[in-house]
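What follows is one structure encoded as structure tokens, with my remarks underneath.
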Number of protein chains: 2
Amino acid sequence: MEPDRQKFLAYLAGQGLKSTRQRDIIFDAFRSDGSHVSTEDLYLKIRRDHPGIGYATVHRTLKLFTECGLAEERHFGDGQVRYEWVAGKEHHDHLVCVRCGAVSEFEDEDIEALQQRIARRYGFTMTSHRHELYGVCSSCGGED
Amino acid sequence: MEPDRQKFLAYLAGQGLKSTRQRDIIFDAFRSDGSHVSTEDLYLKIRRDHPGIGYATVHRTLKLFTECGLAEERHFGDGQVRYEWVAGKEHHDHLVCVRCGAVSEFEDEDIEALQQRIARRYGFTMTSHRHELYGVCSSCGGED
DNA sequence: TTTAAATTGATATCCGTTTTCACTTTTGGA
DNA sequence: TCCAAAAGTGAAAACGGATATCAATTTAAA
């Protein structure tokens, strides 16, 4: 079995939670497109093939993915939480196009190191960070 | 007259808006403590001395401060918008203590430069960015 | 002063998130 | 296999912060 699915099942078992048909379906749908989707996005996508699955279940399952570390919540400032499948991906930050909403990912070791230095300077034990660049992407005419 | 107040009055005038007693009061209250306060925070503070001023007016006035550049909105992920008085301050980013909620400010030219380089690499015309470090501050036992 | 236009404050509405609850499904033991 | 306990589900309600509404009030220019 794929390690990601295994991780999820292990988390469920460890918490005394159950494996269900709905969770399997949501797992597959989210893994196949876990690129910064909102609960609504995923719900609508799943509904096409599985009209019986409710919004609340999608919501709760995305929370589960987050709790077990397969997914992370993203807040890009439009008042909607987005979920990103992060299993098997390196840490990264985001570029968000303010016109079309496209999200790209970047990583930069130098910035990470500088962040740590700053946290240390302020006596912080850094647990996480958020770093987003907003602008106009090249296809939206970033050159104009 | 202080230049900040002048800037506000000039903005009002330019937009065909009026100067009112409430706006003056909110201006003073916010300027005297414009450190990452929510609308609720400021409303409650103002209400102590001016019980007649409503939440909606505080909300609208904070929006005005933001529009004219005296304030900026901050989103630290707790689902509440915070406003910060930025007039006369250098650009900076934030460290947020996940235990006590304290917010410190930092600035780092090297990180700014690296950001620009990344945006350029992706063909983005960067318009803004958000950079927050989350962790445990020294008074909350960041050393433990 | 007069008057048109903007403002105010209480309240209603919006909208994404989260909870509730009656019914269903899963799971492990008999 | 069957049963019972516990968790899950989905529809709908509740929630919470942000925003809009609207009648009454205030401002400011003539």
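Every chain is numbered from 1, with letters handed out A, B, ... down the list of sequences.
Between atom CG of residue A:Leu95 and atom NE2 of residue B:His129 there is a gap of 12.5 Å, rounded to the nearest 0.5 Å. Atom CG of A:Asp93 is separated from atom CD of A:Glu112 by 5.5 Å, given to the nearest 0.5 angstrom. Summarising the geometry, atom CG belonging to B:Asp28 is positioned 13.0 Å from atom CG belonging to B:Asp33; distances are rounded to the nearest 0.5 Å. To the nearest 0.5 Å, atom OG of residue B:Ser38 and atom CD of residue B:Gln80 are 4.0 Å apart.
Per the geometry, OH belonging to B:Tyr83 stands 10 Å off C1' belonging to D:dT19, to the nearest Å. Here the P atom of nucleotide D:dG17 and the CD atom of B:Glu73 are 16 Å apart, to the nearest Å.
Remark: B:Gln116 engages no residue in a side-chain hydrogen bond (donor to acceptor under 3.5 Å, both in side chains) (not counting sequence neighbours). Not counting sequence neighbours, B:Ser104 has no partner by the side-chain hydrogen bond (donor to acceptor under 3.5 Å, both in side chains) test. For the side-chain contact (heavy atoms from CB on, under 4.5 Å) test, residues two or more places apart in sequence or in another chain that qualify with B:Glu73 are B:Lys63, B:Thr66, B:His75, B:Val81, B:Tyr83. Partners of A:Glu84 under the salt bridge (Lys or Arg N to Asp or Glu O under 4.0 Å) rule, at least two apart in sequence or in another chain, are A:Arg74, A:Lys89. Scored by the salt bridge (Lys or Arg N to Asp or Glu O under 4.0 Å) test, A:Asp4 finds no partners at all (sequence neighbours excluded).
Mapping A:Tyr43 and B:Gly79 onto DNA chain D by nearest heavy atom places A:Tyr43 at the nucleotide closer to the 5' end.
The stretch residues 10-18 of chain A comes close to DNA chain D through A:Gly16, A:Leu17, A:Lys18, each having a heavy atom under 4.0 Å from the strand. Taken residue by residue, residues 20-27 of chain B places no heavy atom nearer than 4.0 Å to DNA chain D. Only at 4.0 angstrom or more do the heavy atoms of residues 28-38 of chain A sit from any atom of DNA chain C, so none qualifies. Applying a 4.0 Å cut-off to non-hydrogen atoms, the residues of residues 45-69 of chain A that approach DNA chain D are A:Gly52, A:Ile53, A:Gly54, A:Ala56, A:Thr57, A:Arg60, listed by residue number.
Contacts between chain B and DNA chain C, taken as any atom within less than 4.0 angstrom of a protein heavy atom, begin and end at C:dA5 to C:dA10.
With a 4.5 Å cut-off on side-chain heavy atoms, A:Ile46 and A:Val58 count as touching.
A:Val86 and A:Phe76 sit in two unconnected hydrophobic clusters of ILVMFWY residues. Membership requires side-chain heavy atoms under 4.5 Å apart, directly or through other members. In the hydrophobic clustering of ILVMFWY residues, with side-chain heavy atoms under 4.5 Å counting as a link, A:Leu70 and A:Leu64 come out together.
Among residue pairs with one or both ends in residues 42-55 of chain B, those qualifying as side-chain hydrogen bond (donor to acceptor under 3.5 Å, both in side chains) are B:Ser32-B:Lys45; sequence neighbours excluded. Applying the ring-ring contact (aromatic ring centres under 6.0 Å, His included) rule to pairs touching residues 2-26 of chain A yields A:Phe8-A:Phe27, A:Phe8-A:Phe65, sequence neighbours excluded.
Between B:His94 and B:His36, a ring centre-to-centre spacing shorter than 6.0 Å is recorded.
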